[in-house]
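See structure below.
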Amino acid sequence: MSRGKVLIACGDETKRQSLTRAMRFRSEVVPVGDGWLALHLINSDAFSAMVIAEKLDSLSGIDVAYSVRGDGGNMDVAVMFLANKVSTRIRDMYESGIIDCCIHESASDGAFLFSFYSMCATRKEAKWSELDPDVARVLQSARATYNAIFSAQSATIPLDAAQLEQTADYIVDSLATGRITAVMNAAQHHDDSTFVHLLSVATVLAFYGQAVGIKGRDLNVMAQAGFAHDIGKRVTPHAILYKPGALESHEMQVMKYHAADAGHILRASDGVPSEVITVAERHHERIDGGGYPNGLKLGQLDELSMVASVGDIFCALTDRRCYKPRLSEPEALNMLQIMAGDHLEPHHTRTFVHLIRDTGFSLA
């Protein structure tokens with residue numbers, strides 16, 4: 001994902017610093033506390049987004065927002081508003097397009113980041129129609145499947161297996177036609193890190209499968225497994241999932257529930273291949289028994305889950321997350337080699353590393 005330039009206009013210095021820290025790994029942030037200065041900057045420099053707090057020095061946030069979007073100006077800039085409550089005037093600002101979204105000023109950093117990057121993502125998706133139709137088809141199908149998965153807020157709501165299978169078909173087809181590079185180039189500019197991660201894992205698993213001779217339904221299942229492996233995160237609180245820093249021990253315990261939650265969701269979903277369910281439950285298991293949720297060891301793990309663990313870690317290392325910068329692909333491959341034998345199954349890890357290096361396959 002690209003590092004967009006973001007202007008934060010907030011009169012509360014503590015809040016301004018908190019937001020700047022929260023966005024440091026994924027955005028280039030320019031923080032200011034003065035409303036007039038914010039207007040000068042937004043009209044004299046290139047920003048992809050702006051965060052405006054209700055309270056500013058010298059000029060109110062509402063006045064700044066109207067000035068930013070006055071007469072249809074700065075329409076390429078996504079605008080988020082921070083307020084103590086959603087007043088009638090703020091609601092009118094949203095409905096008239098003065099602002100793109102509003103969030104409570106006391107929201108956690110994680111909730112703020114989720115809302116901010118969701119806002120930016122929506123604007124990026126509007127431009128997918130300008131891409132090659134086959135590339136746009138993959139992205140739009142993947143996003144529709146993702147939205148259907150994550151709009152549900154309960155582990156009891158099933159997944160549409162046919163929709164997942166179709167998205168996997170499109171990913172496999174784009175790999176066969178050579179369009180997958182264009183798909184991933186477009187995806188890397190998207191702002192929803194979880195969506196990008198699922199599409200990336202689905203892509204690398206399909207790439208690995210194709211390279212080692214897997215075909216037909218089995219290759220489709222590999223792509224499905226990659227795209228659905230983190231489905232359990234739909235019930236993980238945004239404050240934890242998007243926290244811009246290390247998780248506390250109790251937060252990590254909550255995060256770990258996503259593997260078991262994925263199994264509950266997929267087992268309740270008619271038509272999902274058993275292999276996809278197994279990968280979702282086991283992609284954080286490690287061959288030394290140090291993984292979760294069940295501490296399985298080599299000999300207890302299936303081949304696809306062990307391959308999926310390699311792909312998942314590779315993509316996680318090369319993702320730009322809200323809590324860390326991304327590693328380069330050579331750095332990530334070196335890390336995989338270090339983990340091989342102790343945590344990751346060595347044969348599949350070596351094969352994966354060599355395939356990525358020898359082919360020059362890239363997600364960036």
Side-chain angles (χ1 to χ4, degrees), residues 1-2 121-122 124-150 159-231 271-273 275-276 279-280 283 304 307-308 310-312 314-316 318-320 326 329 332-333 351-352 355-364:
M1 291 161 284
S2 59
T122 298
K124 298 279 178 62
E125 290 164 27
K127 297 183 178 181
W128 283 349
S129 60
E130 301 171 9
L131 300 172
D132 176 281
D134 290 331
V135 172
R137 181 183 67 171
V138 181
L139 292 167
Q140 289 165 350
S141 174
R143 189 60 176 170
T145 301
Y146 175 89
N147 288 342
I149 289 171
F150 282 87
L159 168 74
D160 185 336
Q163 188 177 33
L164 175 63
E165 183 177 8
Q166 182 179 65
T167 293
D169 270 338
Y170 290 157
I171 292 170
V172 171
D173 286 347
S174 69
L175 194 62
T177 60
R179 289 184 172 88
I180 195 64
T181 299
V183 170
M184 293 313 303
N185 282 341
Q188 292 300 329
H189 289 87
H190 200 275
D191 293 276
D192 187 326
S193 58
T194 304
F195 167 68
V196 175
H197 180 67
L198 297 191
L199 183 55
S200 296
V201 177
T203 297
V204 298
L205 291 190
F207 165 77
Y208 180 93
Q210 181 190 64
V212 299
I214 295 174
K215 300 178 182 179
R217 175 192 178 275
D218 291 339
L219 191 59
N220 177 283
V221 167
M222 290 188 76
Q224 287 190 57
F227 201 83
H229 78 284
D230 270 344
I231 187 175
V272 175
E275 301 96 325
V276 175
V279 166
H283 65 281
L304 181 53
V307 172
V310 177
D312 179 42
F314 174 73
C315 293
T318 54
D319 287 344
R320 180 176 287 115
R326 72 180 298 273
E329 291 181 355
L333 293 175
T351 303
F352 183 92
L355 284 172
I356 296 292
R357 284 179 174 166
D358 293 346
T359 63
F361 182 82
S362 176
L363 293 170

Under 4.5 Å between any side-chain heavy atoms of [X] and [Y], yes or no?
X      : Y      : value
Asp134 : Ser174 : no
Glu275 : Met222 : no
Ser193 : Asp319 : no
Val272 : Glu165 : no
Phe227 : Leu164 : yes
Tyr146 : Thr194 : yes
Val183 : Leu139 : yes
Gln163 : Ile149 : no

Rounded to the nearest 0.5 Å, what's the gap from [atom1] on [X] to [atom2] on [Y]? Could you check?
X      : Y      : atom1 : atom2 : value
Arg137 : Asp169 : CZ    : CG    : 9.0 Å
Thr145 : Gln166 : OG1   : CD    : 7.5 Å
Cys315 : Leu205 : SG    : CG    : 7.5 Å
Ser141 : Ile171 : OG    : CD1   : 7.5 Å
Asp230 : Leu198 : CG    : CG    : 5.5 Å
Phe352 : Leu333 : CZ    : CG    : 7.0 Å

What do the steps show when you test His197 against Asp312 for side-chain contact (heavy atoms from CB on, under 4.5 Å), and what is the final call?
-> CA-CA 8 Å; His197 180 67; Asp312 179 42; 2.7 Å; yes

Go through Val221 and Val276 one step at a time and tell me if the side-chain contact (heavy atoms from CB on, under 4.5 Å) criterion holds.
-> CA-CA 7 Å; Val221 167; Val276 175; 4.1 Å; yes

Throw together a table of side-chain donor-acceptor distances under 3.5 angstrom for residues 209-219, partners on residues two or more places apart or in other chains.
none

Decide side-chain contact (heavy atoms from CB on, under 4.5 Å) for Asp173 and Arg179; before the verdict, give the C-alpha distance in whole Å, the side-chain angles of both, and the deciding distance to 0.1 Å.
-> CA-CA 8 Å; Asp173 286 347; Arg179 289 184 172 88; over 6 Å; no

Dump the intermediate steps for side-chain contact (heavy atoms from CB on, under 4.5 Å) on Leu199 and Met184, then the final yes or no.
-> CA-CA 8 Å; Leu199 183 55; Met184 293 313 303; 4.0 Å; yes

What heavy-atom pair brings [X] and [Y] nearest, and what distance separates the two atoms?
X      : Y      : value
Val201 : Gly226 : CG1-CA, 3.7 Å
Asp192 : Ala121 : N-CB, 4.3 Å
Ala202 : Ala223 : CB-O, 3.4 Å

Backbone of Leu363 reached by a side-chain donor or acceptor of Gln188 within 3.5 Å = yes

Give a yes or no on whether the backbone of His190 and the side-chain of Glu125 come within a donor-acceptor separation of less than 3.5 Å.
->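 Pair absent, no side-chain N/O of Glu125 close to backbone of His190.
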
Compute the centroid of each ring, for Trp128 and then for His189, and state whether the two points are separated by less than 6.0 Å.
->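 No, the ring of Trp128 stays outside the 6.0 Å limit from the ring of His189, centre to centre.
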
Could you list all the ring pair (Phe, Tyr, Trp, His ring centres under 6.0 Å) pairs where at least one residue sits in residues 202-224, not counting sequence neighbours?
->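 Qualifying pairs, neighbours excluded: Phe207-Phe361.
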
